[in-house]
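The structure appears below as structure tokens.
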Amino acid sequence: MSTIDQAALAADTTKRVPGHVIYRRVLAERTSYAVAAAGMAVGPQLDDRAWSYLASGGIGLGTLAWLYAKTKDPDQGLSALTRAQRAIPFLTATGTYVANLVTPGFNWWEVVAPAAWASLMGWMAPLTRSAGLVLELSEHQEQQGPGAVLTYTEFLAAKWQQATGDGTRLVSIQPYRADRPDFEAVVVAQAGKAVPTFTEVQLAAAFDFPVGTVRMRPVQGSGPGRMRLVARPTSEDTEAVAEGIRGLWESAVAAPGKAAPGVDLVDYRAEPHRIVLLVASPPGKEIHLPHTAICSAFGIDDPSRLVIETDGIRQGVVSIYKTNPLMKVRKATVEDLTMDSQGRVTIGVCHDGKPARMRLWDPSQGALRGITAGVTGAGKSVLQNLILAAEKRSGVVSWVGDVQGGMSLPEAEGRVDWFAKGPVETLLMLTAAHAVMKYRERISNEMGRGDFALGRPWPLINITLDEINRLLSHPDEAMRKATAYLIADIQKTGRKVGIGIRLAVQSLHLKDLGDDDAIRQQGKVGALFLMRTASSSTKEMGLDGIAPSGFQMENIPARIYENGQIEALFSGKDDEDGESTAGMAYMFLDGRAKFMRTFFAEKVDGVYPDLIALYGDEPANGLTEGEAKAAQAGAAIYDVRHTNPYADCDTLAQAFSDAPGSTPTASPPATDADGDSGEVPAPFETPFGIPFGDSGPDIGEEPGLQDQILDLLADGPMSLKQLREALPGFQPSSVSNACTQLKAKGLAKSAKRGHWQLTDS
């Protein structure tokens, strides 16, 4: 075969492909060399058994045998060179690997050699070069010379020149992604001339893209001699969508009788996944942007994809997202939860990607108040744990009242200064906090101080009351009044002496706050988090005074779907196919409403290990000696707060009987393992003189109940749940009280929480 015939054969075997295909193959080849180099450096250090020698040597010998078989025919000289080029990476890699294997110990060149090999092979790209790929632009290929591998940007520039001639040039080409043909560039005309006007068909034909996916736009700050070219054949042109949104806003939102009549679209900004609209009401009119109506105007069925923020006067910002911006959020770090000089910590991410910060205290105002509202599963526990971990990391004394019996925030137990379980102990904790507040007020008055200074002389105390609606709506009126009095007084006067208080409830409706509007109004002064609630209506939640004027908020759905809820319903997907919205909330701070989501935390076996780790292993921050004495004097349980088991209420009753001014008249209430007392407490007075509790006759003394329980326990230990099931004729609370009274008589004992057995077992 002559040389001319060989060249003709080579030309016939070449493949004409678009430039971006060549670019991808070169990128993939170079990536594989980098991975192989890492294996060549690490592999010999980990294993030098016989099969390693056989495998590596076999690859090299097999490559040589294959190459020899292909070169025996002298008429295939050009093909033999191509095959030799393809064999280079395998032979050199095998040689380097075997050299590392046979060398004893570790030498520096065993790392340098694979790295040098990867660099050389990446520069040569022998596999791609030997594939015979030829750029579709034959003229440009001739200019570059035989065997040249063009980058994608070079290919696009040549493609444009071929389609339009020498009148313009395509420069500053920026691909959006390496795996997609979408790009942006600048078209430059000859000096003194303007860029010609091209139709959509001409622009699309220049790059063989679909019609309508290539557009020309002015370059800001430049004249007609430069134009911006945007090509998006595989992704959405956000700017084109924004241009369409202007017309949609004027016709479906701002027109008379529509969602927001008269509200003008002042400006817009397009981002890869977000379109931001700046809007304003007419002069003299207060801005009003109804969230649901605007969602409907834009065809959005997931309300979390549209976020509205206003200045409360006449301007607002509307953010429209392609998908929910808070679908995925990272985990928190120690740095996030460390308080800065302004008292701020980061607890999550806002919808626009900015950190969601809140204050643990305000240097200019002192301690803060706050309320978190949300149903079960909305993410209250994660938020509270993030704040508590931040307090521990920042030297704050944390007191936690878990009215649900310790089930709401189990991660905090043992990691805060006081973890009170159940309504009775929570009320005692509030009593002690009130006593500490009065102590600080007295000392501050003697010192002539008017405001709180962090650490001088006392630490900041923040009280967290979770599920406090259970105590504020307790069936015993005196307990409700005592709780409301303590919370309201601490809210009003605790700020100046460094005692803050936060409430966690189901919603902001007054019925969840004991019908006490003062508590709600005081709580809204600090940080307010409104998560998913049981009702979509927020009109009765008292957002006046904290939300910007004209602000409207729809309830956060339980789940969100990437393509929308209606599409999910239409396609028959299960509810579990959606993404939970736990942690999403509207955070109201400084007159602004921010849509945000708390950092992600994974629950394992009923707790959050990630959050537990964030607390750290250091002991919890505690009170000063004088404050501790004041707390013990206010509620005699303070000194045993870490050892008092929630299920044993005898210590609680003793605390009241030992406290000055108390007048106990009956035994304490029994408390079951579910975290709440079966009946209200017997009548007694709190240490500051507020009486509460009158359960009436002792229901634990119902005829035969205690005897039946003893008979059941004779067969072995039983849980409280099993005892209740075995005694269906008695109220569950009666069984709980009877077990406690048997314990007081020395006839039964609690084996572990919620389990009972005979004392002599």
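Using a cutoff of 4.0 Å between basic side-chain nitrogens and carboxylate oxygens, Arg228 and Glu184 are scored as salt-bridged.
Minimum heavy-atom separation, Ile499 to Arg440: CG1-NH1, 3.9 Å.
The closest side-chain heavy-atom distance from Leu409 to Asn385 is below 4.5 Å. The closest side-chain heavy-atom distance from Glu309 to His351 is below 4.5 Å. By the 4.5 Å heavy-atom criterion applied to side chains, Val345 and Met358 are counted as neighbours. Annotation: side chain of Val171 is not in contact with side chain of Val187 (no heavy-atom distance under 4.5 Å). Side-chain contact between Ile487 and Leu430 is present, with heavy atoms from C-beta onward closer than 4.5 Å.
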*Starting from the C-alpha separation in whole Å, work towards a yes-or-no answer on side chain to side chain contact (heavy atoms under 4.5 Å, CB included) for Thr426 and Leu471.*
CA-CA 9 Å; Thr426 299; Leu471 194 49; 4.1 Å; yes
_Steps toward side chain to side chain contact (heavy atoms under 4.5 Å, CB included) verdict (Met531, Lys380)_ = CA-CA 8 Å; Met531 309 180 112; Lys380 295 197 306 295; 3.9 Å; yes
*Step by step, would you call Leu611 with Leu386 a side chain to side chain contact (heavy atoms under 4.5 Å, CB included)?*
CA-CA 7 Å; Leu611 300 180; Leu386 286 170; 3.7 Å; yes
_Would Glu271 and Lys322 count as a salt bridge (charged side-chain N to carboxylate O under 4.0 Å, His left out) here? Give the steps._
CA-CA 10 Å; Glu271 299 175 358; Lys322 188 173 183 179; over 6 Å; no
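Counted by atom type alone, Thr338 and Arg393 present zero donor-acceptor pairs between their side chains at under 3.5 Å. Side-chain contact of Thr372 with Gln384: a donor-acceptor pair under 3.5 Å is present, judged by distance alone. Side-chain contact of Asp417 with Trp399: a donor-acceptor pair under 3.5 Å is present, judged by distance alone. Defined by atom type and a distance below 3.5 Å, a donor-acceptor pair is missing between the side-chain atoms of Arg232 and Thr213.
For Phe595, the ring-ring contact (aromatic ring centres under 6.0 Å, His included) criterion is met by Tyr586, not counting sequence neighbours. In terms of the side-chain contact (heavy atoms from CB on, under 4.5 Å) criterion, residue partners of Ser222 (sequence neighbours excluded) are, by chain and number, Val219, Arg226. Residues meeting the side-chain contact (heavy atoms from CB on, under 4.5 Å) test with Lys603, sequence neighbours left out: Tyr608. By the ring-ring contact (aromatic ring centres under 6.0 Å, His included) test, Phe209 pairs with Phe207, sequence neighbours left out.
The distance from the CD1 atom of Ile294 to the CD1 atom of Ile308 is 4.0 Å, given to the nearest 0.5 Å.
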When the side chains of residues 250-262 are checked against the rest of the protein, which donor-acceptor pairs come out under 3.5 Å, sequence neighbours left out?
unit_1, atom_1, unit_2, atom_2, d
Ser251, OG, Gly247, O, 3.0
Ser251, OG, Leu248, O, 3.3

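Among pairs with a residue in residues 325-334, those fulfilling salt bridge (charged side-chain N to carboxylate O under 4.0 Å, His left out) read Lys328-Glu579, Arg330-Asp336, Lys331-Asp610, at least two apart in sequence or across chains.
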